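Small disclaimer: the values here were computed from a predicted structure and weren't measured.
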Amino acid sequence: MKKGMKVMLATIVTASLLALAGCGSSQTQGSASYTKENPLVIKFSHVTTAESPKGKAATKFAELLQEKTGGKVKVEVYPSSQLYGDKDELEALQAGNVQVIAPSATKLVGFNPSFQIVDMPFLFKNHDSVVKFWDGELGKTLMNSLESKNMQGLAMWENGFKVFTSNKPISKPEDFKGQKFRTQAGKVLEAQFKALGSGAATIPFGETYTALQQGTVDGQENTWNNIDTQKYEEVQKNLLVSNHGRIDYIVLTNKKWYDGLPADIKKAFDEAMAEATKYERQLAVELDKGSEEKLRKSGKFQIIELSEAEREGFVKLMESVYSEFEKTVGKDIIDGAKKL
Ligand code: LMR
C-alpha cells in the first residue's frame, strides 16, 4: 500500500473510532439532539425499597427531571439492589454504568475514612445537628473529597438514627457479649461492637434479611424505617432504642459525565436534585416516625427503652472507639460535629 493511502486509511479509522466512542455520550451532544422519542437515559440505582424515603425521593427526582426537560431526559430508577448492590454500585458509578447512586455515608469509607463520622457512637445530638453538619463546611468538604475519584457529591439525603435489633437479649451492655452483628462497612462499626464484646460481619444490605433469618448473625443496627421496610420484625425479636449512630446518604453522580452535561440539562438536573432533597429530608423524618409507630403497635418486637443512666452506660463503654479512631476519622471533624 502506498504511503499516502496508508495515512488516509489511518485517518478514516481514527475518525470512525472517535465517532463511535462519542456515540451516546452527552459530552459530544447538545441537548437539542435529545428528544422525547430519543431521550438521554439516566440510571439511578439504590439498595432500599421503592417505599423508603430514598426510594420515594429517587422517583420524585426522576419525575421532576423528566418534567423540567419536557421528556428530553428519562430517569430509570432501580430500587432494592436490582441493578447494583453495596458491593458493586460504587465501581459501577465510577465506570459510568450508572449515573446516580445514594449510598449511606459509611459505605464511602474506602475513599475517605472520615465518612465514618456517622458511625461515631452517640456523636450527633439530634436531627438538626446532622443537617447542620452536612450542609455546613465540614460536610461539603467531605463530599468534595470524592471529586478526585470521579464522583461528585450532590446532596445529603437522610434516613435516621439507628437502633439495635437481635434475636438474643440486648437490654444491657453485658447482653451483647458473644453475639454477632451485621455491619454496613468500616472499622468504626467493628470497633463499636468490639467495645460491647460482640463480633461483627459486614454483609450487603440486600443479603441482611437472609443472614438474620439463617442465623449467620444474631442482630443488626438500623433505622426504624429500614427495619420496617425490610421486614426485619419477621426475623428479629428484640429492639433496643439506642439512637447511637446515623444512617444518612450521600447522593453521588459520575463527575466526568455530570461535567459534560449540556448546560440546560445540567441546570434542570441541579434544580430537580435540590427539590428532591427538600422532599426527601421531610419525608425521611415522617416515614421513620411512621415506621416506629407501626412497629411499636404491631407488638412484633420486645422493645427496650433506656433510662438516662443506662444510656450513659453504653456511652461510657463505647468511649474507646473515640480514642482508637479520633485520628482516622479526624479530630477537627469529630469536634465540629460535637459542637452542633
Ligand atoms: C444499610 O446497609 O443498612 C443501609 O445503609 C441501607 C440503606 O441504604 O439505607
Side-chain angles (χ1 to χ4, degrees), residues 47-57 79-80 104 106 118-119 121-131 157-176 179-184 189 192-193 196 198 203 205 208-213 215 217-249 279-315 317-318:
V47 301
T48 57
T49 66
E51 293 75 42
S52 65
K54 179 158 62 179
K56 286 190 180 232
S80 300
S104 92
T106 310
V118 288
D119 302 324
F122 300 102
L123 176 64
F124 287 102
K125 278 193 214 84
N126 51 38
H127 169 260
D128 282 0
S129 49
V130 173
V131 174
W157 284 5
E158 302 176 22
N159 192 331
F161 279 96
K162 288 182 294 186
V163 298
F164 292 111
T165 68
S166 177
N167 275 324
K168 295 185 180 160
I170 44 172
S171 315
K172 42 191 190 311
E174 302 85 87
D175 291 338
F176 281 74
Q179 295 198 37
K180 195 167 177 187
F181 287 84
R182 175 263 172 177
T183 60
Q184 300 176 77
L189 292 180
Q192 169 195 272
F193 283 112
L196 290 167
S198 313
I203 297 173
F205 188 58
T208 300
Y209 180 98
T210 309
L212 294 167
Q213 188 180 41
V217 284
D218 302 300
Q220 61 87 47
E221 47 166 17
N222 231 308
T223 60
W224 288 97
N225 186 256
N226 271 352
I227 292 169
D228 177 27
T229 51
Q230 293 299 306
K231 304 192 183 353
Y232 289 165
E233 74 278 7
E234 294 175 356
V235 289
Q236 292 277 268
K237 290 196 187 84
N238 304 303
L239 187 154
L240 176 68
V241 189
S242 49
N243 297 325
H244 60 283
R246 289 287 303 183
I247 290 194
D248 293 303
Y249 309 118
Y279 168 82
E280 197 279 344
R281 288 183 177 187
Q282 197 177 339
L283 195 69
V285 175
E286 282 168 26
L287 292 185
D288 205 46
K289 198 146 194 43
S291 289
E292 175 177 354
E293 277 163 16
K294 180 178 154 198
L295 288 172
R296 281 183 185 277
K297 262 198 212 128
S298 76
K300 296 252 171 74
F301 278 112
Q302 162 91 28
I303 295 182
I304 306 123
E305 311 286 346
L306 288 176
S307 68
E308 202 42 53
E310 285 166 339
R311 184 178 181 274
E312 238 357 87
F314 277 96
V315 172
L317 208 64
M318 292 186 191

>> Does Gln213 have more than 12 heavy atoms from other residues, nucleotides or ligands lying within 6.0 Å of its CD?
In response: yes

>> For a quick test of reading the model, state the closest non-hydrogen atom pair linking Gly160 to Asp248 and the distance between them.
In response: N-OD1, 4.1 Å

> Which value, rounded to the nearest 0.5 Å, describes the distance between Leu240 atom CG and Arg311 atom CZ?
Replying inline: 11.0 Å

>> For a side chain to side chain contact (heavy atoms under 4.5 Å, CB included) check, start with the C-alpha distance between Leu239 and Tyr232, then their side-chain angles and the critical distance, and finish with the verdict.
In response: CA-CA 10 Å; Leu239 187 154; Tyr232 289 165; over 6 Å; no

> About how many Å separate CD1 of Ile303 and CG of Leu295, when rounded to the nearest 0.5 Å?
Replying inline: 6.5 Å

>> Set out, in order, the CA-CA distance, both residues' side-chain angles and the distance that settles side chain to side chain contact (heavy atoms under 4.5 Å, CB included) for Lys162 and Ile247, then state yes or no.
In response: CA-CA 7 Å; Lys162 288 182 294 186; Ile247 290 194; 3.8 Å; yes

>> Just by distance, no angles: are the side chains of Ser298 and Glu233 close enough, under 3.5 Å, to form a donor-acceptor pair?
In response: no

> Going by the ring pair (Phe, Tyr, Trp, His ring centres under 6.0 Å) test, which pairs reach into residues 283-315, not counting sequence neighbours?
Replying inline: Phe176-Phe314

> Listed by chain and number, what are the ring-ring contact (aromatic ring centres under 6.0 Å, His included) partners of Phe161, not counting sequence neighbours?
Replying inline: none

>> Testing the basics here: between Ala284 and Pro53, what is the closest heavy-atom pair and its distance to 0.1 Å?
In response: CA-CB, 3.8 Å

> Taking the side chain as C-beta and beyond, is there a heavy-atom pair between Glu158 and Arg246 under 4.5 Å?
Replying inline: yes

> Would you find a donor on one side and an acceptor on the other, under 3.5 Å apart, between the side chain of Asp288 and the backbone of Asn225?
Replying inline: yes

> Going from CG on Leu283 to NZ on Lys56, what distance comes out if it is rounded to the nearest 0.5 angstrom?
Replying inline: 6.5 Å

>> Does Val163 form a side chain to side chain contact (heavy atoms under 4.5 Å, CB included) with Asn243? I'd like the steps, not just the answer.
In response: CA-CA 5 Å; Val163 298; Asn243 297 325; 4.0 Å; yes

> With a 4.5 Å heavy-atom cut-off, do Pro79 and Thr49 have their side chains touching?
Replying inline: no

> Less than 4.5 Å apart, any side-chain heavy atom of Gln192 and any of Asp119?
Replying inline: no

>> Testing the 3.5 Å rule here: is there a donor-acceptor pair between the side chains of Ser129 and Asn126?
In response: yes

> Considering all heavy atoms of both residues, which atom of Tyr249 and which atom of Lys54 are nearest to each other, and what is their separation?
Replying inline: CE2-NZ, 3.1 Å

> Is any side-chain heavy atom of Ser104 less than 4.5 Å from a side-chain heavy atom of Asn159?
Replying inline: no

> Hey, what do you get for CD (Glu292) to CZ (Arg296), rounding to the nearest 0.5 Å?
Replying inline: 4.5 Å

>> To the closest 0.5 Å, what do you measure between CZ (Arg182) and CD (Glu221)?
In response: 8.0 Å

>> Just so I know, are the side chains of Asn222 and Gln184 near enough to count as touching, which here means a heavy-atom distance under 4.5 Å?
In response: no

> How about Gln220 and Leu212: do any of their side-chain heavy atoms sit closer than 4.5 Å?
Replying inline: yes

> Taking side chain as C-beta onward, heavy atoms only, is Gln179 less than 4.5 Å from Leu196?
Replying inline: no

> Taking atom OG of Ser171 and atom CD of Glu310, what is their separation to the nearest 0.5 Å?
Replying inline: 8.5 Å

>> Restricting to ring-ring contact (aromatic ring centres under 6.0 Å, His included), what partner residues turn up for Phe193, sequence neighbours left out?
In response: Phe164, Phe181

>> Working note: Ser52 + Leu287, criterion side chain to side chain contact (heavy atoms under 4.5 Å, CB included); need CA distance, chi angles, decisive distance, verdict.
In response: CA-CA 8 Å; Ser52 65; Leu287 292 185; over 6 Å; no

>> Could you check whether any side-chain heavy atom of Thr48 comes within less than 4.5 Å of a side-chain heavy atom of Asn226, counting everything from C-beta outward?
In response: yes

